[in-house]
Amino acid sequence: MTALYIIGGIILFFVIIFNIPIKVAISYIDKQFSVLVKYLFITIYPRPEKEEKETPPDEEKTAEETAPAEVPSENEGLSEETAEETPSEVEEPVKKKLTREEKRALKEEKKRQKKIEKRRKKREKLEKQRKREEILNLVGMVIDTLKRSGKVFRKLVKGIKIHDIALDIDAANEDAYEAALNYGKMNIAVYNIISFLRSFFTISIDHININCKYNSSDSRYDASCVVTATPATILGFALGLAVRFLFVFLKKKREIKKAEKESARALKKSEQAA
């Protein structure tokens, strides 16, 4: 019975720990970006800087006393006359005229080097193209994963809360017409982004102040919010996304193999017909 109590206590402890939210305070005020991550009373980020230990004065004195004496350089004992005698500059070698054969060989070498450089650039271009295609395929798989996740994905993401959103924006321009346009664009952008985020996350707003400043070029964009999520939500979201991604990845792999087999068959048929 005691063992069951111990196991139950351990499970309860982990349930409590995994359901205490992690707080991430994000702010961009006076063109200064800052992030603060806290869990319970522990600051995860930024970590406090370690103070450098100051060396006591007694140790500094001993360090100065034990420092090696300066050794005179080799040239210090030389007189001015001997210094003048030493050559300061090395004579340049006499340029030798190239024969016709040497010139031809040099031209051929330059052509060969150009060909090598051209091939190298072509290889680099193909490598960049391949990497770009890989990134695009990965992005496509991620988007496909998110689309397939549907309700499960939204339910997990709803556990992530964005609250205390505070926005103070001054849309400024020296031209009154342009300032009014910027003010309208800013209102549309801000409220559209918030409505988009609301479809995924749980959101609460502290305040939104968007002002229009005429005859001024000093625009201001101050924003802050607090994001909270429990480790259980983050873990569930990560595992759910990983499983879906693996499913999509394996499906894409099968489709690629199938396409390769079909292309190989078509090529074989064309060769036989020829």
Side-chain angles (χ1 to χ4, degrees), residues 18-51 132 135-136 138-238 240-241:
F18 274 92
N19 282 283
I20 294 169
I22 298 167
K23 289 184 180 180
V24 183
I26 304 163
S27 67
Y28 180 79
I29 296 165
D30 294 330
K31 296 179 182 180
Q32 294 292 324
F33 182 76
S34 67
V35 178
L36 178 69
V37 184
K38 289 189 85 173
Y39 182 66
L40 291 171
F41 304 106
I42 303 160
T43 303
I44 298 167
Y45 182 85
R47 299 298 299 164
E49 292 180 2
K50 292 181 180 178
E51 292 182 1
R132 201 181 297 121
I135 291 162
L136 287 170
L138 186 66
V139 170
M141 279 194 282
V142 170
I143 291 163
D144 199 9
T145 304
L146 295 176
K147 281 178 181 178
R148 287 172 183 273
S149 299
K151 290 178 182 178
V152 178
F153 175 72
R154 290 198 177 190
K155 191 181 271 188
L156 287 167
V157 171
K158 277 287 178 184
I160 300 168
K161 296 175 183 178
I162 306 170
H163 51 90
D164 296 336
I165 294 172
L167 291 172
D168 293 293
I169 298 167
D170 291 336
N173 201 295
E174 290 179 358
D175 185 4
Y177 176 73
E178 288 293 329
L181 273 178
N182 289 341
Y183 173 73
K185 286 175 185 176
M186 197 58 64
N187 271 285
I188 292 163
V190 166
Y191 288 106
N192 278 340
I193 288 165
I194 287 168
S195 64
F196 173 75
L197 291 172
R198 269 211 174 105
S199 61
F200 292 100
F201 307 101
T202 304
I203 286 178
S204 67
I205 297 166
D206 183 86
H207 70 272
I208 296 172
N209 292 327
I210 303 172
N211 303 312
C212 184
K213 282 179 77 176
Y214 301 104
N215 302 323
S216 174
S217 58
D218 298 326
S219 294
R220 183 168 68 101
Y221 305 97
D222 291 346
S224 65
C225 69
V226 179
V227 181
T228 57
T230 62
T233 303
I234 295 164
L235 192 64
F237 171 71
L241 201 64

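Other residues, nucleotides and ligands place more than 12 heavy atoms under 6.0 Å from the OH atom of Y221.
For the pair S217 and A172, the tightest heavy-atom approach, listed with the atom from each and the gap, is C-CB, 4.3 Å. Across F18 and L235, no two heavy atoms sit closer than the pair CE2-CD2, 4.3 Å. Residue Y39 comes nearest to I22 through the heavy atom pair CD1-CG1, 3.5 Å, listed as atom of the first residue, atom of the second, then distance. Between Y214 and A179, the closest heavy-atom pair is CD2-CB, 4.0 Å. The minimum heavy-atom distance linking A232 with N19 is given by the pair CB-OD1, 4.3 Å. When every heavy atom of D30 is checked against every heavy atom of D222, the shortest pair comes out as N-OD1, 3.2 Å.
Side chains of T43 and K38 form a contact here, defined as non-hydrogen atoms less than 4.5 Å apart. Residues D164 and S224 fail the side-chain proximity criterion, which asks for heavy atoms closer than 4.5 Å. D168 has its side chain within reach of H207: a pair of non-hydrogen atoms, C-beta onward, lies under 4.5 Å apart. Counting heavy atoms from C-beta outward, L181 and N173 have side chains that stay 4.5 Å or more apart. No side-chain heavy atom of D170 sits under 4.5 Å from any side-chain heavy atom of D218. A heavy-atom distance below 4.5 Å is not found between the side chains of I165 and S204.
Annotation: the span from K161 atom NZ to T230 atom OG1 amounts to 9.0 Å, rounded to 0.5 Å. Rounding to the nearest 0.5 Å places CD1 of I26 at 8.0 Å from CD1 of I162. Atom CD1 in I194 sits 3.5 Å away from atom CD1 in I208 (nearest 0.5 Å). Here CG of D206 is found 10.0 Å from CG of L167. Values are rounded to the nearest 0.5 Å. Between atom SG of residue C225 and atom CD1 of residue I205 there is a gap of 11.0 Å, rounded to the nearest 0.5 Å. In this structure, CG in N182 is found 12.0 Å from CD1 in I210, a value given to the nearest 0.5 Å.
The only member of T202, V227, I203, T228 that meets side chain to side chain contact (heavy atoms under 4.5 Å, CB included) when paired with H163 is T228.
Residues satisfying the ring pair (Phe, Tyr, Trp, His ring centres under 6.0 Å) criterion with F33, sequence neighbours excluded, are absent altogether.
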